[in-house]
Amino acid sequence: MHLSILSPHAASNQMFDEPDSHEFLKSLNPEQQAAVLQVDGPMLILAGPGSGKTRVITHRIAHMIHSGIDSRNIVALTFTNKAADEMKNRLSEMVPGHRATASTFHRFCSRLLRVYAPQIGLSENFTIYDTSDSKKLFKQAIGETELDLRHYSIANISQEVSNLKNRGIMPDTFEPKPGNYLHRIVSSVYPQYQKLLQLANGVDFDDLLMLTGQLLIENDDLRASLDSRFSHMMVDEYQDTNLAQYRLVRLLNRDYPNLAVTGDPDQSIYGWRGATLSNILEFERDFQNVRIVRLEQNYRSTKSILSVADMLIANNFRRKPKALRTDNARGEPVSLVGYRNPEIEANEIAESIRHAIRKENRRPNDFAILYRTNALSRALEHALRIHGVPYQVVQGLEFYQRREIKDLLAFTHLINNPADAIAFERVINVPTRGIGAKTVEKIRRYSIDNRVQITEAARRAGLIDSLAKSTATKISKFVAMYDRICESRDLPVAEIIQKIIDQTGYRDWLIEAGTEEAHERANNIDELVVAAAEFDRQHPEDGGLEAFLEQAALVNDTDAWESASEFVTLLTIHSSKGLEFPCVYIIGLEDGILPHERSSSNDDELEEERRLLFVGITRAQDRLQLSRCESRYRKNGYWPCIASRFLMELPRDEMNVHEPRSINDYGGDEEEPWSKDLDPWLHDGVPEIDINDDTVREHVSEFAKPKNPANKIPQTKILQTQSPLPKGSQQNDDSREQPSYEDVPKFPRLVTAADLAKEQEAGTAIRKIHPEVFKLGMRVGHPLYGTGVISELSGSGLKKTAHVDFGEYGCRRFRLSHSPLLPVESE
DNA sequence: TATTCGCAAGTTTTT
DNA sequence: CTTGCGAATA
């Protein structure tokens, strides 16, 4: 991209030697210049994808600094650590030694709260609970209230509380709607939950924002001083702000409304998390004399890609129309491919990437494969391994969510915050030391009833009547060990963690188990120590236990992603936001996946799904392939899939369409649409990959070989774990629930989404039947061909094949392990 | 009362 | 395919 002409050194020199240097602005287009040069007053920067937004922000800050604004008065707020880090890095290159703040909302709030914690009833060493910890606390809070939870899950309740927190509603200001049962539950759980949080000296993610807002509202002096301290504020991805964040932005820009927000309504994809699109749509109303700058020039994608993106997003109603332009070449057409199943999809993509790397001089890190849900990465990982293509999976929170890591971090949390009840319960009996659930419950009870820290309660185990002497002794031993470790609390973090591992014997305990999994876990522990050591190295001044824990709570694995590394990147569309890749594959474009089945109930959700695809498409620089499958293994069987409705909105004549004619596309006006090649059921779900096959083996690089040959194809595993035979009576019940095959309309049959939904709802669609169930001469049903008789059986295991005579529809062959065939009771 | 084993159930996206 | 829960056992 021509935008990177400015080398770091050239930039800073130019800027400081010759403030209004032509060089500095030359690399920016007129709109970008306008955004950079005006530093006072509220500004809305509507930045389309690939429009050089980050560049504008960093230049703008640089410009502020050189026009005399103290860099300490500048703050840039982002959503992800990744974005914050990138901003910091770029800014440091342009203005070495600057003191501006670039941070996520959550971290910004956390810093603030640590300073003012006492004012909101916390101490500065509070723990930040992640979602799963918060869920546990909810569970306990619910336990305290003895409510009937038949109709609402913990997820429902915590979601509702989260909504309330986003709106700044505290337990004492919550007014439940009369007649709303969920509200009734929440009205007693919410206060209880907050009480437990406070007792544990902990906050959840929502609290970070809410409590900071609360603090500023209740303390206007503080608000005013922070408003002036951060006189110049920028907010990135403003379309993703929720109400709590919005409130903070307003509070900190009252006296000094030098606020620039950047965003793109079309890229708002966090509505489910409370993001309020109206924040950006109504920015002009919220602030006076708003200057609006539109960055519509796209420097990233080819014309082909951009036009596909444009056509798609034009279907949304709730948006500000904008024109995406680019001077880039038209480029190759966007591909739209239909595959038979995910294994083939993965295999072909892996192959084409491998080919591009070998023959087209592409590098692995030129490629990204995007998907709606993390679960879709499995087939790809497997295929990439088979083809020897190096890849990395960007999966949010993976490392820090592992059990062993959580265990050790919990211990670390407990050292930092002796009140941390969740951490205490996590570590008290890990490794097992004979302190079970009942005992823990008694300690917890004591802690709550006497309003003492959980460790204090444990310390007084001897005073708890209901505890046996021997149990109290065990607890005392634990407390003694805890105290020993606490002596090291001021050492470097890596040493503290090492000490925990040594004192608790955690690692030895794992090794003792002897399983392969245990060794894996032991390795992860070592990795944690390395990570801690790395943290110590990077934070010689501002380090320490608390800083480390905060970091661990607020980072995710996405942040560790490195674009420089030589890997194909696999990631969700959500986490791809803000990134760009030369070649992008978006997979699983099927109804129910994108749009997701749980996000297509109303138009707002559907529009968000469309924006999600828009975000995915606009990650691509010069090559884009969209693909879908005709059947997919979901829940417990292969299910036919309908093409995503979004695909119908794309300009197909401009695209390269490789869709096999499929059951979904035929309305009935075709003469003879079916042929063996086109019949998805004649090709079972297993790609014919066999690493023992010589023709394939040469493609398998040494490291890519699976350790266990039985693992060579995922389906093998699935079959092996299947119970040998479905229980007889169960089996009959199942078949009786099947729709009558005589009712199935004659093909060609158009399978609609509604059909599928109906079948799914009945829970009786294609169900997997063990191959051994089928016997010669048995009457079987098929969703398309009706009933038939098994005329021939051959092969065994995975390859067991049946020939079925369907009468007027002829004789067809099926791999029984993957067929939709079901036994039919004969009258 | 703790531990271990087996089975069931629930699986979007993230700070 | 994981985690969570319940029953059986030590």
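All chains are named by letter (A, B, ...) in the order of the sequence lines, taking the proteins before the strands, and each is independently numbered beginning at 1.
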Handout entry: Nearest-neighbour nucleotide for the A:Lys139 side chain, C:dC1, B:dT14, C:dG4 considered
Key = C:dG4
Handout entry: Protein-nucleotide distance (A:Glu237, atom CD; B:dT14, atom C1'), rounded to Å
Key = 13 Å
Practice task
Rounded to the nearest angstrom, tell me the gap between atom NZ in A:Lys438 and atom P in C:dC5.
Solution key: 15 Å
Exercise for the section: Give the rounded distance in Å between these two atoms: CZ of A:Arg611 and C1' of B:dT13. Expected result: 13 Å
Exercise for the section: Calculate the interatomic distance between A:Arg378 atom CZ and C:dC1 atom P; express it in whole Å. Expected result: 6 Å
Problem - A:Asp207 side-chain N/O to A:Asp204 backbone N/O, donor-acceptor pair under 3.5 Å - result: yes
Handout entry: B:dT13 phosphate, OP1 or OP2, under 4.0 Å from A:Ser599 side-chain N/O
Key = no
Exercise for the section: Mind checking A:Thr471 for me? I need base, sugar-phosphate or nothing, with any heavy atom below 4.0 Å counting as a touch. Expected result: nothing
Exercise for the section: To the nearest Å, give me how far apart CD1 (A:Ile593) and C1' (B:dT13) are. Expected result: 14 Å
Fill in the blank from the handout: The ring-ring contact (aromatic ring centres under 6.0 Å, His included) partners of A:Tyr270 (sequence neighbours excluded) come to A:Trp272, A:His574
Handout entry: Sugar-phosphate, base or nothing in reach of A:Tyr270, heavy atoms under 4.0 Å
Key = sugar-phosphate
Handout entry: Nearest-neighbour nucleotide for the A:Thr439 side chain, B:dA2, B:dT11, B:dT14 considered
Key = B:dA2
Handout entry: Side-chain heavy-atom pair A:Val393, A:Asn374 within 4.5 angstrom cut-off
Key = no
Exercise for the section: Quickly work out the A:Lys136 NZ to C:dT3 P distance and round it to whole Å. Expected result: 11 Å
Practice task
Considering just the side-chain nitrogens and oxygens of A:Thr80, establish if one lies under 4.0 Å of OP1 or OP2 belonging to B:dT14.
Solution key: no
Handout entry: Of the listed nucleotides C:dG4, B:dT13, B:dT11, the one nearest the side chain of A:Trp272
Key = B:dT13
Handout entry: Any donor-acceptor N or O pair under 3.5 Å, side chains A:Lys406, A:Ser132
Key = yes
Fill in the blank from the handout: Among B:dT14, C:dG4, B:dT3, the one nearest any side-chain atom of A:Asn429 is B:dT3
Can you list, pair by pair, the side-chain donor-acceptor contacts under 3.5 Å of residues 135-143 of chain A, counting residues two or more places apart and other chains?
unit_1   : atom_1 : unit_2   : atom_2 : d
A:Gln140 : OE1    : A:Arg444 : NH1    : 2.9
A:Gln140 : NE2    : A:Glu425 : OE1    : 2.6
A:Gln140 : NE2    : A:Glu425 : OE2    : 3.3

Practice task
For A:Lys442, report the nucleic acid contact type (base, sugar-phosphate, nothing); a contact means any heavy atom under 4.0 Å.
Solution key: sugar-phosphate
